[in-house]
There are 2 protein chains.
Amino acid sequence: MGSKIRNMEEFAKASGISRPTISKYFNDPTTVRASTRERIEQALETYDYRPNIFAMNQNRKLTRNIGVVVPSLADPFFAEIARNVEQRCIDAGYRPTLYSAHGSRDQEVEILDSLRSLKPAGLLIAPLGRNSDKAMIEKFTKKVPTVLFDSHLPDIGLSFGGSDNFQFGRLIVDYLCRTGEPPCFFEMKFPANPNANKRRQGYIAAMEALGYAPQVISVEGEGWAFEEIGRRGGLDVIDSAGFPSNTVLCSNDRLAIGLIAACFARNQPVGFADEGAIRIAGMDDHPFSRFTCPPLTTIAQDYEAISKHAVETLFKKLEGDEVTDKVVLFEGKLIMRQSA
Amino acid sequence: MGSKIRNMEEFAKASGISRPTISKYFNDPTTVRASTRERIEQALETYDYRPNIFAMNQNRKLTRNIGVVVPSLADPFFAEIARNVEQRCIDAGYRPTLYSAHGSRDQEVEILDSLRSLKPAGLLIAPLGRNSDKAMIEKFTKKVPTVLFDSHLPDIGLSFGGSDNFQFGRLIVDYLCRTGEPPCFFEMKFPANPNANKRRQGYIAAMEALGYAPQVISVEGEGWAFEEIGRRGGLDVIDSAGFPSNTVLCSNDRLAIGLIAACFARNQPVGFADEGAIRIAGMDDHPFSRFTCPPLTTIAQDYEAISKHAVETLFKKLEGDEVTDKVVLFEGKLIMRQSA
DNA sequence: ATCAAAACTTTCCGCGCGTAAAATTATAGT
DNA sequence: ACTATAATTTTACGCGCGGAAAGTTTTGAT
């Protein structure tokens with residue numbers, strides 16, 4: 001009782017069951033008889049043994065490690081989706097490990113590099129996007145089943161699941177045109193993420209479909225400090241020609257947050273109600289968007305659906321099934337608040 | 001050349017150096033002769049071998065794994081400090097693994113539980129605080145060298161490094177009193193984090209030192225959704241008695257962000273300049289604080305110093321030195337913006 | 001050139017578990 | 001009660017590396 005169990009052999013002896021059966025149990029409890037399972041679990045409670053994870057993974061052809069890689073954890077959007085993905089992995093009996101590339105190509109490469117030695121059963125990655133080392137990632141996906149999310153790299157990985165960013169534009173342009181002046185589009189000149197391009201295209205297509213001339217404003221700035229880029233760009237526009245419309249659709253919420261700050265700094269009111277105010281809308285439904293002043297009208301990404309697709313697609317593959325859906329897109333939902 | 005190296009033995013043969021020496025090199029490159037080191041590193045480039053991490057950790061008494069645990073990654077403050085801590089670990093040749101308790105006591109316990117099997121050389125943890133299972137954490141720290149940061153649990157771990165939250169109150173109360181009406185204090189009734197108590201005490205002490213009567217407003221709400229709690233609480237106060245002062249010091253920036261949103265919703269102007277406006281200040285210098293409307297006056301935590309202390313203290317211990325400083329507090333810096 | 005210290009090689013064992021093969025036992029079904 | 005099948009036990013080997021022990025070579029300083 002008080003004697004500590006040091007390894008599986010001792011635990012087998014203590015529980016009165018052979019070691020190979022114990023081993024089977026830990027690999028998959030359903031492969032042992034129910035009566036045996038109960039005996040093991042009972043012994044497990046009294047003896048508090050757990051197998052050595054390093055010894056386990058050393059010989060197993062397939063570990064139960066899952067790598068989860070996001071481009072940036074400083075962005076609460078990714079923090080939230082990572083949380084969701086992690087939980088699903090744990091529930092399925094896998095061991096997720098979370099990594100953030102911190103917006104850096106080198107870090108993304110390093111993460112994959114060091115991930116190799118973990119012999120992961122699978123990888124769930126939201127790539128940096130434009131800045132990713134695509135060849136490196138592709139090489140990795142040849143060895144490890146990989147599902148992409150958020151940001152799509154064509155022809156890489158088993159599957160991609162993310163938002164239908166093209167549809168985002170249509171959805172919000174329709175709304176904005178219905179309730180006021182047609183919007184101009186506010187974005188970074190060199191967006192880190194390919195989703196931004198889809199969003200611009202969606203905006204342009206929607207405007208043209210409604211018979212309006214699209215107007216795109218691309219501001220300087222690279223990297224992942226979107227709020228600051230939005231603020232600087234916003235100040236520049238306001239201080240020079242001003243916006244060509246009293247309605248501004250931002251490529252994402254973080255840019256919009258920066259733009260709202262710029263408007264405030266220049267005493268430019270924002271919102272749909274006041275005379276002389278400009279309307280600002282974003283995309284993502286960032287956790288902070290409901291606390292901007294005014295609260296930000298935006299398109300909500302379907303966090304749940306995206307993380308669910310990523311995890312379930314990977315597990316389907318790990319269980320031997322073939323993955324058929326190469327690309328799955330999820331619709332966004334219009335979140336009406338007071339900024340537009 | 002094309003033949004792949006499968007293990008250390010093959011790599012030893014290929015590089016013309018004995019396996020034990022190769023083993024020594026990977027444990028600590030400085031323990032082998034410089035000429036040998038060069039030969040190994042040269043072979044390493046041509047053969048692209050890396051030791052099996054599971055086999056390595058199986059026998060080593062001390063792994064180079066470091067657990068990094070934060071209460072919530074949805075909070076960019078922790079995301080940022082985690083990034084800082086991780087990088088320092090990597091630079092020192094350790095393998096950090098990041099975990100978030102997502103504000104949940106059970107998750108925090110589970111993380112430590114599953115961390116055990118990783119045989120970590122050390123643990124860097126920002127505990128949940130009031131809600132932590134202190135006995136469990138203490139038990140863990142008996143086996144694994146642990147440094148606490150951000151949130152202090154008395155008598156647990158080798159050392160604690162965090163902000164001098166008491167000083168925060170003094171610093172900002174002095175400033176606010178010098179430039180306008182003495183502030184009231186806005187906080188959660190049951191703060192998740194013990195720092196909140198220190199901050200309140202600092203506020204009260206500073207007010208009394210200046211000869212003013214402290215006024216504390218505690219709003220309902222539990223958990224980690226601080227912005228929403230601040231917004232709801234703010235609306236309640238505004239809709240009932242109003243604030244007892246035109247200056248409100250919030251226990252943290254996230255509450256302040258919610259309060260600013262509440263003020264906006266009630267057409268209550270915020271800032272130091274306008275007539276009839278209330279001044280709002282926070283504490284933390286949250287990444288979003290510079291983008292609120294108006295930008296938030298706050299006390300900046302010294303991220304760098306906190307993460308540096310945590311990592312260096314742990315490594316000092318791992319290298320055999322004794323740790324003497326049980327508690328190290330870092331001063332905050334006043335960040336003057338337009339909200340106050 | 002000499003010699004002790006440092007670094008290296010050779011040889012060996014063990015870590016904790018996966019897993020295969022063969023023998024044994026338990027289960028379920030007519 | 002009998003059998004086919006599934007589950008378990010016994011036995012044995014191997015994974016890739018850490019690390020100890022003893023012998024050999026290299027190094028660097030006199």
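Below, read A as the first sequence line, B as the second, and so on, with proteins coming before strands; counting in each chain starts at 1.
- A/Thr141 meets the side chain to side chain contact (heavy atoms under 4.5 Å, CB included) test with A/Ile137, A/Glu138, A/Thr146, A/Ile156; sequence neighbours excluded.
- Checked against side chain to side chain contact (heavy atoms under 4.5 Å, CB included), A/Glu304 has the following partners two or more places apart in sequence or in another chain: A/Asn84, A/Arg88, A/Asp302.
- Checked against ring pair (Phe, Tyr, Trp, His ring centres under 6.0 Å), A/Phe149 has no partners two or more places apart in sequence or in another chain.
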Using a 4.0 Å heavy-atom cut-off to protein, can you give one letter per nucleotide of nucleotides 11-20 of chain D, 5' to 3': B if the base is in contact, S if only the sugar-phosphate is, - if neither?
BB-BBBBBB-

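- A side-chain donor from one of A/Asp28 and A/Thr30 sits under 3.5 Å from a side-chain acceptor of the other.
- With sequence neighbours excluded, no residue forms a side-chain hydrogen bond (donor to acceptor under 3.5 Å, both in side chains) with A/Asn7.
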Listing, residues 69-81 of chain A side-chain donor-acceptor contacts under 3.5 Å, not counting sequence neighbours, or none:
residue : atom : partner  : partner atom : Å
A/Ser72 : OG   : A/Ala74  : N            : 3.3
A/Asp75 : OD1  : A/Phe77  : N            : 2.9
A/Asp75 : OD2  : A/Arg254 : NH1          : 2.9
A/Glu80 : OE2  : A/Arg83  : NE           : 3.4
A/Glu80 : OE2  : A/Arg83  : NH2          : 2.9

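- Legend: residues meeting side chain to side chain contact (heavy atoms under 4.5 Å, CB included) with B/Pro29, ordered by chain and number and at least two apart, are B/Tyr25, B/Arg37.
- Using a 4.0 Å cut-off on heavy atoms, the residues of residues 31-41 of chain B that approach DNA chain D are B/Arg33, listed by number.
- Every residue two or more places apart in sequence or in another chain was checked for a side-chain hydrogen bond (donor to acceptor under 3.5 Å, both in side chains) with B/Arg64, and none qualifies.
- Protein chain A contacts DNA chain C from C/dG16 to C/dT27, reading 5' to 3' and using non-hydrogen atoms of the protein with a distance under 4.0 Å.
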Between side-chain atoms of residues 8-17 of chain B and protein atoms elsewhere (two or more places apart, or another chain), which donor-acceptor pairs fall under 3.5 Å?
residue : atom : partner : partner atom : Å
B/Glu10 : OE1  : B/Arg6  : N            : 3.2
B/Ser15 : OG   : B/Phe11 : O            : 2.9
B/Ser15 : OG   : B/Ala12 : O            : 3.3

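- Not counting sequence neighbours, A/Glu38 has no partner by the side chain to side chain contact (heavy atoms under 4.5 Å, CB included) test.
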